[in-house]
Amino acid sequence: MRFFEIISEIFKNLVETVKSINKKYEKPNFVLSKPMKFILVLLRIYLIVIVSLVIIKFVSIL
């Protein structure tokens with residue numbers, strides 16, 4: 001029983017660490033220019049297209 005308590009504590013500490021890191025970096029410390037925002041949108045669209053093609057290929061193989 002002690003083993004599960006130790007594992008439980010480890011996971012609780014891990015969750016708390018992740019929460020604190022997320023809170024620290026919640027707001028970005030930089031400002032993106034309009035061209036950079038556009039490029040990031042294009043990259044997101046590209047990623048969606050690539051993932052879609054992989055899924056389509058996987059389904060067609062099945």
Side-chain angles (χ1 to χ4, degrees):
M1 198 66 181
R2 180 79 178 139
F3 174 75
F4 294 113
E5 292 173 4
I6 294 172
I7 297 297
S8 174
E9 281 298 315
I10 290 173
F11 278 116
K12 285 179 185 176
N13 289 338
L14 182 64
V15 167
E16 288 302 317
T17 304
V18 169
K19 283 182 179 180
S20 68
I21 292 171
N22 284 340
K23 185 172 259 334
K24 180 179 179 182
Y25 294 107
E26 188 175 30
K27 294 181 181 176
N29 295 330
F30 55 90
V31 178
L32 290 175
S33 64
K34 289 191 182 218
M36 281 306 297
K37 286 181 184 179
F38 179 72
I39 289 171
L40 288 175
V41 168
L42 285 179
L43 285 172
R44 184 174 291 170
I45 293 169
Y46 175 74
L47 177 67
I48 292 170
V49 168
I50 294 297
V51 168
S52 301
L53 287 173
V54 168
I55 291 171
I56 290 169
K57 181 65 177 178
F58 177 74
V59 169
S60 71
I61 289 175
L62 290 179

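Numbers here simply count residues along the sequence, with the first being 1.
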Checking V54, I55, V49, I48 against V51 for side chain to side chain contact (heavy atoms under 4.5 Å, CB included), the one that qualifies is I55

Nearest 0.5 angstrom please: S60 OG to K57 NZ, how far? 5.0 Å

Any chance you could measure T17, atom OG1, to N22, atom CG, to the nearest 0.5 Å? 11.0 Å

Hydrophobic clusters here meaning ILVMFWY residues chained together by side-chain heavy-atom distances under 4.5 Å, can you tell me if L32 and I39 are in one? yes

Is it possible for you to say whether I56 and I61 belong to one hydrophobic cluster, with membership spreading through side-chain heavy-atom contacts below 4.5 Å? no

Same cluster for F4 and F11 if Ile/Leu/Val/Met/Phe/Trp/Tyr side chains link at under 4.5 Å? yes

Hey, what do you get for CD (E9) to CD1 (I7), rounding to the nearest 0.5 Å? 11.0 Å

Is there a path of hydrophobic side-chain contacts, each under 4.5 Å between heavy atoms of I/L/V/M/F/W/Y residues, joining F30 to L43? yes

